[in-house]
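Please read the structure below before turning to the comments.
Bear in mind that the values here come from a model prediction, so they are computed numbers and not experimental data. Keep in mind that the numbers below use all heavy atoms, side chains included, and drop hydrogens, waters and symmetry copies.
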Amino acid sequence: MTSAAYRAEPVGRAELLARLDRVLSTGGRALLTGPPGVGKTEVALSAAARAEARGETVLWLAALPADRAIPGAAAAALIASVAAAAQPARGPGGEGDVLADLPGPQRAAVAMLCREAPMPDGGWDPVALRLALARILRALAARGPALLVLDGVQCIDPASADLLRFALRLAPSELRAVAVDTPAAYGTGGDPSDGLTAPRATAEPLWEPSEADVLNVPPLQADEIAELLIHHRLPARMAGRIHKASGGNPRLALAVGRSLADARTPVHHAESLSLSGRARDLARTLLGAVPPDVRATLLLAALALRPSASLIRRAGRPTAEADLAAAERASLIRLTEDGTVAFSAGVLPSTLVHDACWTERSSGHAALAGVVDDPVEAVRHRALATDVPDEELAAEVSAAAETARRRGNSTLAAELALLAAESTPGLNGPQRIARLVDAAEEAARAARADLAMRAATDLLARDASPADRVRARLAVLDTAGQGLTDLDEIYVHAMEDSEGDTALRAAVQLRLAVKYVLADGDPVRSRAAAVESAALAASVGDRGTAAKALTVQARMDRVLGSPDAERVLAEARALERVERPLGIRNAAQILTIRHAMFDDRLTEARDQLGALLPLVERRGSVEDAIELFRTLAEVEARQGQCAAALAHAGRSLALTLEAGLSPGPAWYALALAETAGGSFARAASYARRSAQASEEEGDHVFLSRSLYALGRVQLLCGDVATALETLRRVQAGERAQATVDPSMLRWHEELAEALVAVDALEEAEALLADVRPVADRLGRTTVLLGCDRARAVHLAASGCPDEAASLLTEVAERYGAAGLPLERGRALITLARVERRRRRRSAAASALQAAAAVFERAGATPWLALATESPTPPAEPVPTTRGGALSALTDAELRLARLVGQGASNQEAAAKLYLSVKTVEARLTRIYQKLDVRSRAQLATALNS
């Protein structure tokens with residue numbers, strides 16, 4: 001038996017816990033069930049914590065596998081727990097002690113069960129024990145509400161189960177019970193600490209559960225797995241891959257995450273998920289729940305591309321249906337109505353294949369080759385069934401790869417291209433090298449970094465030409481996504497090998513241009529590399545590379561505030577129209593749309609995205625679709641199309657996680673969408689996740705963006721000190737990256753407002769003075785509007801509320817004309833606050849009503865809450881003092897005045913307001929001057945008079 005410590009609510013289980021509370025409050029009984037490792041015990045622990053917080057008595061009975069062989073073990077442990085729970089209230093043996101109050105025969109039976117008295121030859125009296133346990137539970141419930149948690153009921157010995165069944169049937173409604181059960185396909189063998197066990201016989205339930213009593217604990221979704229990884233300080237950037245590998249099983253996901261973290265697997269290697277240690281052991285334990293015959297059937301399913309019951313049966317497993325049904329009961333697979341097989345976790349088929357010997361794998365592939373109905377799949381199985389290179393077979397596999405490519409199955413094409421290269425005899429060196437280059441580039445198109453690396457590693461070990469080595473290395477770089485750190489060696493070798501080949505040097509410079517901005521945060525160097533790449537490509541007539549390089553140059557020109565950005569982008573677009581590139585990611589076409597978004601030409605941007613979306617969904621790559629959905633979400637969030645923004649950001653994230661790509665950019669888009677129309681709390685959560693993933697990737701661009709999204713939400717929620725810290729990080733990052741154009745990330749107005757809130761008025765004024773000329777020179781009109789809103793906040797804090805109100809009224813109107821409803825509403829909320837300080841409550845209410853109407857039309861839920869909240873009345877309703885008005889104080893000064901007036905020292909006030917003592921002293925001096933007081937006592941009197 002073990003006891004349990006109650007802990008915080010587990011990730012992704014809020015809805016399940018709410019349902020569990022409802023079931024317990026209505027029926028008093030709940031059965032938590034689900035596959036091993038899914039988190040049943042964690043849910044029960046949280047339910048126990050909630051009950052304990054309500055003042056209920058909580059009893060936790062955790063049965064271990066060894067207990068099943070000890071008659072009465074669970075019942076004895078429960079009695080001991082009840083006795084311990086009763087001791088503080090009554091004292092041992094005292095009046096009301098639950099054991100002392102038992103009738104003699106029952107007390108004697110309990111003593112025998114608990115080994116406190118010798119056992120007679122006939123054993124204990126089962127009737128007396130039944131009555132005793134029922135009486136004990138009734139006595140416990142008589143003291144007040146109680147919750148009994150029975151963890152691992154499949155391990156409770158039969159004798160105890162019989163006693164508990166009887167006692168629970170007679171227990172009053174004040175005693176509620178939660179049973180935690182693992183499905184019958186798993187049982188009492190193995191390591192109990194895993195929560196993963198071996199087969200067992202089905203045990204009788206402790207009560208006859210109704211349909212409402214049974215709560216299945218489902219696997220976590222991909223986004224919840226990401227949150228779980230962050231909670232356990234594991235790499236969140238691989239959340240999609242880890243979700244696929246674990247099937248959403250939390251215990252398995254953590255094992256996979258730790259396995260990858262311990263191996264320090266680079267992101268560009270991680271697609272293969274070459275796991276070892278704990279993750280493999282847990283997978284083997286799960287697979288151990290079924291007998292060897294079933295595992296043999298599952299191995300065939302793992303080897304097949306499209307496994308089904310009929311295919312496996314034709315491949316030599318006549319008991320396929322029965323075997324697969326047993327595997328499904330063990331939660332290893334899911335079977336559709338047509339018999340298609342899907343493994344519940346990706347690590348299961350990989351472990352089956354990993355642990356099978358060559359003979360088993362070869363026999364399986366040979367059997368499948370003879371029964372599949374697709375010639376491409378047949379060729380694949382024939383190639384995998386032999387380890388003897390054969391040129392004729394290699395040519396067949398190469399042709400199959402081309403067929404898969406035409407079908408649009410890029411992943412299969414990449415796998416077959418590599419298989420064709422590996423099937424080529426070593427004596428045919430040039431042919432093998434050519435196929436390895438083709439395999440690497442096909443893997444890059446499929447975003448399969450593991451296959452690209454395998455092909456490149458094989459090629460680089462051979463006598464390949466410099467050009468072939470460059471092409472293979474470029475393929476590896478193209479699969480690295482956002483994670484371009486730790487790849488410097490590849491760039492260096494690519495530069496060396498491209499010497500003398502102008503076209504290849506242009507391609508290498510293009511990749512360097514991307515690296516310099518993402519991994520190094522150096523747009524100046526990035527622009528220089530892009531300019532060189534464009535010139536080299538143009539000199540050899542490579543218009544495709546030239547268009548890409550000019551696109552990067554235009555992007556860097558925009559960052560650096562160059563007026564040439566639009567001209568360069570137009571050149572890139574002109575080349576693209578001739579070349580018609582396959583994808584749009586990082587293309588001039590999508591950058592044109594993003595420039596329109598930065599300029600707040602939102603309708604134009606949205607129309608262009610809407611025209612592209614059907615084409616990309618039909619025949620574009622997954623990365624193109626992700627880029628489009630993410631950009632569309634950003635545009636819609638800015639435009640106040642809140643529901644659409646949330647939908648498209650969610651779609652971007654789902655595709656990202658499914659493809660196993662870094663979720664940082666998608667989380668950033670979702671943070672913006674949640675800020676617009678979802679929840680500020682969720683927005684902050686997504687922004688933090690994006691920041692963590694971007695830091696893991698070494699992605700400077702999205703680190704700044706995600707910190708901006710986080711700081712903005714923190715400021716909106718009133719967490720000024722934290723917002724100031726976050727936005728200062730954005731400021732430092734953008735300055736380190738030499739970013740000039742203020743339209744791409746509008747942190748300046750947010751930081752200025754945060755500075756005003758902490759009474760750093762001079763710094764806020766200097767910040768706005770720096771950004772306004774740049775925005776004016778570049779024609780960024782809506783950036784200037786944001787500066788005007790921040791300036792109005794500054795004016796109000798500086799004692800000029802009339803000017804502030806006039807400016808905010810104008811800003812709100814201009815935001816409305818620009819098609820930025822959320823910004824208009826925000827300006828109106830700020831206006832309402834200024835009007836309240838002017839004691840113009842009617843005008844404040846009118847501004848808030850106008851803001852609420854704007855937000856309601858947009859579906860901007862969190863903003864609507866800001867606009868409809870009751871105005872906070874002054875804590876002390878005093879209009880004037882001897883020498884001045886309280887309204888002359890800024891909000892920051894008023895907070896400090898009240899703290900000091902209540903007796904806080906300068907040091908205490910500084911700590912509470914996140915200020916230095918020197919700042920507190922200076923601010924107090926201004927407060928004394930404004931209120932014409934000379935001491936703390938006079939200040940307190942002024943505040944209370």
Side-chain angles (χ1 to χ4, degrees), residues 1 3-6 9 16-32 40-41 43-63 74-92 94-103 106-107 109-110 113 128-153 156 160-181 205-215:
M1 302 295 167
S3 61
Y6 308 138
E9 183 175 300
L16 180 63
L17 280 164
R19 186 181 163 206
L20 176 58
D21 280 346
R22 290 194 299 270
V23 169
L24 288 174
S25 64
T26 54
R29 301 285 184 270
L31 175 64
L32 291 173
K40 303 182 294 293
T41 297
V43 173
L45 283 165
S46 290
R50 290 184 174 194
E52 193 174 56
R54 292 191 296 265
E56 299 180 23
T57 300
V58 176
L59 295 179
W60 186 281
L61 177 65
L78 178 59
I79 289 170
S81 298
V82 173
Q87 292 301 331
R90 298 294 185 181
E95 182 182 351
D97 186 282
V98 292
L99 299 184
D101 288 347
L102 291 174
Q106 294 177 22
R107 191 165 58 250
V110 167
L113 175 68
L129 268 181
R130 280 184 167 198
L131 295 173
L133 188 55
R135 190 182 185 103
I136 288 170
L137 293 182
R138 280 201 306 272
L140 176 69
R143 299 173 181 271
L147 177 66
L148 172 60
V149 182
L150 303 161
D151 189 19
V153 293
I156 294 178
S160 294
D162 179 69
L163 294 171
L164 281 166
R165 201 173 294 117
F166 179 84
L168 288 172
R169 191 162 63 243
L170 299 181
S173 60
E174 288 78 11
L175 178 70
R176 300 174 300 144
V178 174
V180 180
D181 181 42
L206 297 180
W207 64 82
E208 198 61 45
S210 68
E211 187 175 344
D213 292 346
V214 180
L215 280 72

Find the distance between [atom1] ([X]) and [atom2] ([Y]) and round it off to the nearest 0.5 Å.
X    : Y    : atom1 : atom2 : answer
E208 : R169 : CD    : CZ    : 11.0 Å
L150 : L59  : CG    : CG    : 9.5 Å
L133 : S160 : CG    : OG    : 9.0 Å
W207 : L31  : CH2   : CG    : 6.0 Å
L102 : I136 : CG    : CD1   : 5.0 Å
D21  : R50  : CG    : CZ    : 5.0 Å

Ignoring hydrogens, what is the shortest heavy-atom contact between [X] and [Y]? Give both atom names and the distance.
X    : Y    : result
A75  : L113 : CB-CD2, 3.9 Å
A167 : L137 : CB-CD1, 3.7 Å
A30  : L20  : CB-CD1, 3.4 Å

Salt bridge between D162 and R130, side-chain N to carboxylate O under 4.0 Å?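 So D162 pairs with R130 through a salt bridge.
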Check against side-chain contact (heavy atoms from CB on, under 4.5 Å), L61 and V149: CA-CA 6 Å; L61 177 65; V149 182; over 6 Å; no
Please lay out, stage by stage, how L163 and L78 fare under the test side-chain contact (heavy atoms from CB on, under 4.5 Å). CA-CA 11 Å; L163 294 171; L78 178 59; over 6 Å; no
I'd like a table of donor-acceptor pairs (distance under 3.5 Å, sequence neighbours excluded) in which one partner is a side-chain atom from residues 170-178, with atom names and distances.
residue	atom	partner	partner atom	Å
R176	NH2	E56	OE1	2.5
R176	NH2	E56	OE2	2.9

Walk me through it: do L164 and V153 pass the test side-chain contact (heavy atoms from CB on, under 4.5 Å)? CA-CA 11 Å; L164 281 166; V153 293; over 6 Å; no
Indicate yes or no for a side-chain donor-acceptor contact from R135 to the backbone of Q106 under 3.5 Å, with no hydrogens or angles considered.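 No: the side chain of R135 does not pair with the backbone of Q106.
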CA sep, side-chain torsions, deciding dist, call: L215, V43, side-chain contact (heavy atoms from CB on, under 4.5 Å): CA-CA 11 Å; L215 280 72; V43 173; over 6 Å; no
Side chains of L147 and T57 in contact at under 4.5 Å (non-hydrogen atoms):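 They are not in contact (no side-chain heavy atoms under 4.5 Å apart), so the answer is no.
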